[in-house]
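Worksheet for the structure shown next.
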Amino acid sequence: MITTAIRVARVGSVVELAAAALMILGFPCLMLAALIPSAPAFAVAAAVTYLADHYLHRKNSYLISRLSKVRAGLSIRFLIRQLLLVLLLAREGLSEELVFYAAIACFITFYGLQAPHGALVTLIRSRRQMPVATRNVDLASRISIPDAPPRFLLNRSAEKMLHLDVAALTGLLVCVFIDSAVAGLVGMAVTLVLGGLYVLVLVPYLTPKRVPPKPDDVLDAVSAWLREYGPQTALYFSGSKESVYQVNMWLETMEQIDSRPLIILRERAVLERMAPTTVPVICVPGGVHLMNMDLSMVRVALYAANVGKNIHLLRVPTMKHVFIGHGDSDKLASVNPFSKAYDEVWTAGRAGRDRYAIADVGIRDEDIVEVGRPQLAPIETGSAAPGDRIPTILYAPTWEGWDDNPGNTSILLAGENIVKKLVAAEPPVRVLYKPHPFTGTRSPKADAAHRRIVALIERAAARRAADSRFQADPTAQAAAQADLARIEARLDALSLTFDAKADEAVTSRDSIVDVRKYEEAARLRAEWNDAYWRAFPAFEHRVITGAEPRLYDCFNASDAMVSDISSVVSDFIASGKPYAVTDSAELGAEEFRRQNTAVRAAVILTNAAEGLDRLLAAVRDPAADTLAEDRRALKQYLLGPDEPTSLQQFDTAIADLALKAEARNVGQESRAAAAAEGAAEGDTALADGVTAG
């Protein structure tokens, strides 16, 4: 029952659900206490509503946003409480007293202060929002960006301003308790003085010295930096904050390419959540600003996703445009007809080329270039038997997609069956569950299935921890946990990540990454990953939903994987380890293999998880791994040859395309010069004719 209520209310915990219930029920209690009248009951109900409301705001509860949609937003809730306080005063026989009229005047004046306060906060925020936000771009030497106001002034400003009424409410309740108007008048004075001061403190931050340069000046500074830096290859990305992983997967590659890299983002939410990098980054939310930006020095533009905002850069003819995607799979998204908009489409191996040919969506074979997958370098290869060690099986399903196709994900029909069989397997195995970050974002059924799978794994982990057959090493775990704490403390001290709530102007000004710290952080992350896997028993089932450890780290910690049709399967093939894919759409093994290249070397599972025993047998005994040779052949077909390296192939493709872009530009200049020369000769001939006449 409670679980259902949590899901319906879309709150995160029982405590959050209780706070929501207390806040909603608190207002009828306030009204009842005012009508009775009972000042003690009113005081208790008011305290409950204040505290519950504050807690829900701190948790960014979904319920808070829903209340605003039904005209029960923050300001309305405070106003209702104040009106009910006035009603309490009247019912207590104070309607003819000075304090009663003072209370009405106080609350009206207090609400009058909300308008200038809200306007000032909005103006300060808008003035400090940059037309172009940056990382690793030297703006400080070109424009002066003043420090931001103290964060406490702008963070949750409306909530802070409204809570200043606590002084008035407390004073008026004391007035009722002790029958003294002084307490009420003092409390109201405190509320109004603090409210007025809050407004006055904000005013100086709109003076010229406290405001960042005008948008045109910022754009000029960024353009000057672009001309000086001269970027040659740009990675362009637009998407939701949840899709930030799609650009993060390319950061290391962009750092390693031979040409001067630049990353162009379109959404601030993506910039705020993007992983640290040494590559210069510019975030240009406005399409007009981007289209007016001088990017003539860029020769190759790389696109990680097919989105509408790509058109703002695709329109630039001086560069060549390439779709590189954010994964390589047999999903329909990998053969999107929109890819015709690009000059070239780069795939990992021959499979991508064949996929476009079979789909017949208008992509010419000569426009496809095989470049391997540079991002797969961290994946370790190996398929040896685990010996005495308990094998680890990774279950990494993809998300439900944008439609209700049953073949999108195994979570809905097969997920629980897969996990039940894995946790009950004999000899035992360890289960790692790492779902796609989008899981449950569109489909409530997928979200519910995900929650049930998590519960299954947590219960199985608890049973295993109590099983005498499984012995942990508390000393080793304690040492690893101490290492984790030490490494995390050092990573926090390095401060390479940027606060999503930090002032955008100041972050752009001070955002140049210290390369020494960046390299140290990379080393510490490797140490963190090692300590993470040592910090719990090697037999313990785990649910991994955060950004760390990364998917490839989970690959390296696993002996086999179960997944769906997605780029996860193509990437895992680089490890050479056994894997299984679920035929969620129930096409049948033969048809499933025919339609999906990546499953040609996979153990195919039904929705009932039939076939899982074959995968486990291959993990435990290499002699039972009948698909090993098929995996080796499929790896080359999907991901290309091991030599030259993927990064070398990628660099070569960039250089070749840059030459084509340069040839095109030189040709255009030659034609323009010839046309201008012809026009000049024509003007001369016309002038000579007029003179002769």
Side-chain angles (χ1 to χ4, degrees), residues 116-155 157 197-231 234 260-274 276-298 494-518:
H117 173 266
L120 286 167
V121 169
T122 301
L123 277 171
I124 292 170
R125 285 175 175 164
S126 64
R127 294 283 179 86
R128 297 200 64 83
Q129 195 171 69
M130 306 278 278
V132 181
T134 65
R135 301 286 187 271
N136 300 319
V137 174
D138 181 16
L139 292 182
S141 64
R142 291 174 172 82
I143 51 176
S144 175
I145 299 177
D147 289 337
R151 183 178 295 189
F152 72 87
L153 289 177
L154 300 182
N155 186 35
S157 56
L197 286 175
Y198 198 167
V199 172
L200 292 174
V201 167
L202 292 171
V203 172
Y205 292 100
L206 282 175
T207 57
K209 289 185 178 180
R210 299 285 188 93
V211 175
K214 294 179 180 178
D216 287 346
D217 295 333
V218 175
L219 291 168
D220 289 343
V222 172
S223 295
W225 176 86
L226 283 169
R227 288 190 294 271
E228 180 181 310
Y229 175 63
R260 281 191 296 278
L262 173 69
I263 296 172
I264 302 173
L265 304 178
R266 300 303 309 281
E267 286 79 23
R268 291 182 170 90
V270 173
L271 177 68
E272 291 163 357
R273 291 162 178 80
M274 191 179 73
T277 180
T278 57
V279 177
V281 182
I282 59 173
C283 178
V284 195
V288 173
H289 289 153
L290 180 65
M291 290 188 286
N292 288 328
M293 191 170 286
D294 181 12
L295 294 169
S296 60
M297 64 291 292
V298 176
L494 290 176
S495 302
L496 289 179
T497 57
F498 297 99
D499 188 347
K501 297 179 181 178
D503 181 77
E504 182 176 281
V506 170
T507 303
S508 294
R509 181 192 69 189
D510 302 334
S511 65
I512 297 178
V513 169
D514 185 321
V515 176
R516 182 188 58 79
K517 289 184 178 180
Y518 182 79

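The shown structure was predicted, so the numbers you read here are calculated from the model rather than taken from an experiment.
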For this session: Only pairs at least two apart or in different chains count here, so list each ring-ring contact (aromatic ring centres under 6.0 Å, His included) that has a residue in residues 209-231.
Result: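 Found Trp225-Tyr229.
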
Problem set entry | Pairs where residues 132-153 contributes a residue and the test ring-ring contact (aromatic ring centres under 6.0 Å, His included) is met, not counting sequence neighbours | none

For this session: Could you list the residues that satisfy salt bridge (charged side-chain N to carboxylate O under 4.0 Å, His left out) with Arg268, not counting sequence neighbours?
Result: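 Arg268 satisfies salt bridge (charged side-chain N to carboxylate O under 4.0 Å, His left out) with Glu504 only.
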
Exercise. What pairs with Asp147 under salt bridge (charged side-chain N to carboxylate O under 4.0 Å, His left out), at least two apart in sequence or on another chain?
Worked result: Arg509

Considering non-hydrogen atoms only, spot the tightest contact between [X] and [Y] and give its length.
X      : Y      : result
Pro131 : Pro285 : O-CD, 3.5 Å
Met297 : Leu226 : CE-O, 3.8 Å
Tyr205 : Pro150 : OH-CD, 3.2 Å
Val199 : Pro116 : CG1-CB, 4.2 Å
Tyr198 : Leu153 : OH-O, 2.6 Å
Ser508 : Ala133 : OG-CA, 3.4 Å

With sequence neighbours left out, write down each residue that passes side-chain hydrogen bond (donor to acceptor under 3.5 Å, both in side chains) with [X], or none if nothing qualifies.
X      : value
Ser157 : none
Asp138 : Ser141
Asp220 : none

Answer yes or no: is there a donor N or O on one side and an acceptor on the other, between the side chain of [X] and the main chain of [Y], under 3.5 Å?
X      : Y      : answer
Ser511 : Thr134 : yes
Asn136 : Thr277 : yes
Arg135 : Val281 : no

Can you check whether [X] reaches [Y] side chain to side chain, under 4.5 Å on heavy atoms?
X      : Y      : answer
Leu290 : Arg266 : yes
Leu295 : Ile264 : yes
Cys283 : Glu267 : no

Problem set entry | Residues in side-chain contact (heavy atoms from CB on, under 4.5 Å) contact with Asn292, at least two apart in sequence or another chain |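 Asn292: side-chain contact (heavy atoms from CB on, under 4.5 Å) contacts with Val288.
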
Exercise. Residues in side-chain contact (heavy atoms from CB on, under 4.5 Å) with Leu494, at least two apart?
Worked result: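 By the side-chain contact (heavy atoms from CB on, under 4.5 Å) rule, Leu494 matches Arg490, Leu491, Leu496, Lys517, Glu520, Ala521, Leu524.
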
For this session: Give the intermediate values and the outcome of side chain to side chain contact (heavy atoms under 4.5 Å, CB included) for residues Val137 and Val132.
Result: CA-CA 11 Å; Val137 174; Val132 181; over 6 Å; no

Problem set entry | Pairwise distance CG(Asp514) to OG1(Thr278) - rounded to 0.5 angstrom |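 Spacing of CG (Asp514) from OG1 (Thr278) equals 11.5 Å.
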
What donor-acceptor contacts under 3.5 angstrom involve side-chain atoms of residues 117-128, with partners at least two apart or in another chain?
{"residue": "Thr122", "atom": "OG1", "partner": "Gly118", "partner atom": "O", "Å": "2.8"}
{"residue": "Arg125", "atom": "NH2", "partner": "Leu154", "partner atom": "O", "Å": "2.3"}
{"residue": "Ser126", "atom": "OG", "partner": "Thr122", "partner atom": "O", "Å": "3.2"}
{"residue": "Ser126", "atom": "OG", "partner": "Leu123", "partner atom": "O", "Å": "2.9"}
{"residue": "Arg128", "atom": "NE", "partner": "Asp503", "partner atom": "OD1", "Å": "2.7"}
{"residue": "Arg128", "atom": "NE", "partner": "Asp503", "partner atom": "OD2", "Å": "3.2"}
{"residue": "Arg128", "atom": "NH1", "partner": "Arg210", "partner atom": "O", "Å": "3.2"}
{"residue": "Arg128", "atom": "NH2", "partner": "Pro146", "partner atom": "O", "Å": "2.8"}
{"residue": "Arg128", "atom": "NH2", "partner": "Asp503", "partner atom": "OD2", "Å": "3.0"}

